[in-house]
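Okay, so here's the structure we're looking at.
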Amino acid sequence: MIEDARVLQAEWVPREVEHRNPELNALSNALEPITDGEPAETALLVGPSGVGKTCCAQFTLERLREAVLDIEYQRVNCWQDYSRFRTLYRILDGIGETLDIHRQSTAHDELLERLRDYDGPPYVVVLDEVDQLEDTRVLYDLYSIDGLSMILIANREEDLFGRLDDRVVSRLQSARRVRFEKYGLEQIVSILEARVRWGLEEGAIERPELERIADTAAGDARVAIGILRAAAREAERREVPRITDDILDIAIPRAQANITESTVEKLNEHQQILYNILAEEEELRPPALYEAYRDRIDEPRTNRTVRNYLQKMAHYNLIRAEGKGRARTYLIDG
DNA sequence: GGTCCACAGGAAAGATAGGGTC
DNA sequence: GACCCTATCTTTCCTGTGGACC
């Protein structure tokens, strides 16, 4: 059934990106100065999850690398590398300058100094989920480095701009904006068809099943590819040659559960307890949630820290906070 | 409309942990 | 091994907001 499992990963960059020509052209234009030895325009890619923002950025940089040859780029997932130090560290890692840097013993000033000293080929930094940065001063840091080009990726422009220093806002106003809309059903089907062509045996899935996956994914290609992957694995497990409707009945909830499970695994012990309480109780008001949490752990964190945990979990879309003030309740998302 | 109170979340200080230096 | 420096995490203190009650 599966001929090339890499193709079924959402991160895989295809040979051709479908349905994103205007966006690719806009991004290529922003990066074009690099071919003349100049820094690129800062590009700001905005749109909901699973619409191909990261894929387009990587695809364009790969094409640019083929054209210019000598170019470096590094993607930073600001969701994981959210602090100023971690972001700078990841960027330095892209040019192999972190060998002698050790966590917590090197000031971020030194990291910045090293970036300023960099005199290699043109360097493009992709800040993915840039709206998740906890310390946005790092954007000002990066603007202060000559020759460094940036592609910023965010879900919502207003979430990003609302938290930025005025100096960064004024610079970002002139950035090249590229907006990504959700894919339509036909577009998702054709993206899936391409993945099937490259990654599965011929005849592994027919159009009605692809349409069902696309319909479930509601415009999110990442979700659609996840369902296709889960379905292909289930078909392999059953040793059947084709993905059928009854396999999708299993694969669709499983793909959704896989996303939740992998996110819950990233939580610390305290956050997992909070998640489990909400999974059992379905909905709780803040005092009841905190009391239940205190009952289950020997050395509980303070209420304020728990609020930070809950905020983080809501960002992960694991839980939902409904109502304001006294009407606030927490519940499992989805 | 005014007051009270629970709650969220920002800011700053404190605690902790890892690595460097002597 | 003691001390210093640093990033990160946690706590404390505080303010703003909005629903409940009169």
Side-chain angles (χ1 to χ4, degrees), chain A residues 74 76-94 96-117 127 129-142 144 155-156 158-169 263-275 277-278 281-333:
Chain A
Q74 173 78 334
V76 181
N77 184 344
C78 300
W79 187 246
Q80 288 160 347
D81 296 312
Y82 48 80
S83 72
R84 196 178 183 186
F85 180 89
R86 286 193 201 183
T87 304
L88 291 171
Y89 185 91
R90 185 70 62 197
I91 292 169
L92 273 175
D93 207 29
E97 288 290 333
T98 51
L99 267 181
D100 59 336
I101 292 179
H102 300 285
R103 202 177 144 266
Q104 295 182 334
S105 62
T106 311
H108 79 267
D109 282 345
E110 188 181 329
L111 273 61
L112 264 178
E113 208 51 49
R114 287 196 188 197
L115 270 177
R116 290 198 182 98
D117 291 344
L127 294 181
E129 303 204 55
V130 66
D131 42 345
Q132 297 303 325
L133 276 177
E134 281 190 1
D135 189 347
T136 54
R137 282 177 301 177
V138 72
L139 289 176
Y140 187 72
D141 293 338
L142 296 176
S144 72
N155 283 6
R156 285 157 47 91
E158 51 272 36
D159 288 350
L160 175 63
F161 276 77
R163 302 170 50 238
L164 294 179
D165 185 288
D166 287 346
R167 297 168 301 182
V168 179
V169 168
T263 314
V264 170
E265 279 172 6
K266 291 178 194 161
L267 301 177
N268 67 28
E269 181 193 7
H270 301 268
Q271 292 165 328
Q272 290 197 14
I273 288 171
L274 290 163
Y275 181 83
I277 292 168
L278 287 173
E281 302 291 333
E282 293 187 351
E283 186 170 359
L284 280 176
R285 296 199 57 246
L289 175 57
Y290 187 62
E291 197 174 327
Y293 158 76
R294 278 179 40 159
D295 287 346
R296 292 198 191 185
I297 195 155
D298 290 336
E299 294 178 8
R301 300 280 188 250
T302 61
N303 204 339
R304 179 69 186 91
T305 302
V306 165
R307 284 208 295 278
N308 281 341
Y309 289 161
L310 292 170
Q311 192 183 36
K312 195 90 182 169
M313 290 159 71
H315 267 303
Y316 274 115
N317 292 325
L318 286 172
I319 65 168
R320 206 164 68 241
E322 286 192 345
K324 291 188 171 178
R326 292 180 186 184
R328 170 61 61 94
T329 58
Y330 290 101
L331 60 157
I332 292 291
D333 203 8

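In this text the structure is predicted, and so the values were computed from the model without any measurement.
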Which whole-number value in Å describes the distance from [X] [atom1] to [N] [atom2]?
X         : N       : atom1 : atom2 : value
Arg84(A)  : dC9(C)  : CZ    : P     : 16 Å
Tyr82(A)  : dC9(C)  : OH    : C1'   : 8 Å
Asn303(A) : dA8(B)  : CG    : P     : 8 Å
Leu111(A) : dC5(C)  : CG    : P     : 18 Å
Lys312(A) : dT8(C)  : NZ    : P     : 12 Å
Asn308(A) : dG10(B) : CG    : P     : 9 Å
Arg328(A) : dG9(B)  : CZ    : C1'   : 10 Å
Tyr89(A)  : dT6(C)  : OH    : P     : 18 Å

If the cut-off is 4.0 Å, is [X] near the phosphate of [N], judged by side-chain N/O to OP1 or OP2?
X         : N       : answer
Thr305(A) : dT10(C) : no
Tyr309(A) : dT10(C) : yes
Ser83(A)  : dA7(C)  : no
Arg86(A)  : dC9(C)  : yes

Minimum-distance nucleotide to [X] side chain [options: [options]]:
X         : options                  : value
Arg285(A) : dT12(C), dT8(C), dC7(B)  : dC7(B)
Ala327(A) : dT10(C), dA8(B), dG19(C) : dG19(C)
Pro287(A) : dC9(C), dC7(B), dT11(C)  : dC7(B)

Q) How would you label the contact of Tyr290(A) with the nucleic acid (heavy atoms, under 4.0 Å): base, sugar-phosphate, or nothing? A)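 Here Tyr290(A) touches no strand at all.
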Q) Counting any heavy atom closer than 4.0 Å, what does Arg307(A) reach on the DNA or RNA strands: base, sugar-phosphate only, or nothing? A) base
Q) Is there a donor in the side chain of Glu322(A) and an acceptor in the side chain of Thr329(A), or the other way round, less than 3.5 Å apart? A)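 No, no side-chain donor-acceptor pair sits under 3.5 Å.
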(Q) Taking Asn77(A)'s backbone N and O only, do any of them form a donor-acceptor pair with Gln80(A)'s side chain (distance below 3.5 Å, no angle check)? (A) no
Q: Verify, without hydrogens or angle tests, whether Glu283(A) (side chain) and Tyr330(A) (backbone) share a donor-acceptor contact under 3.5 angstrom.
A: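 Checked: no pair found.
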Q. Has the side chain of Arg304(A) got a donor or acceptor that lies under 3.5 Å from a partner of the other kind on the base of dG10(B)?
A. yes
Q | Close side-chain approach of Glu282(A) to Ile332(A), heavy-atom, < 4.5 Å | A | no
(Q) A side-chain contact here means heavy atoms from C-beta on lying under 4.5 Å apart; do Leu310(A) and Leu289(A) qualify? (A) yes
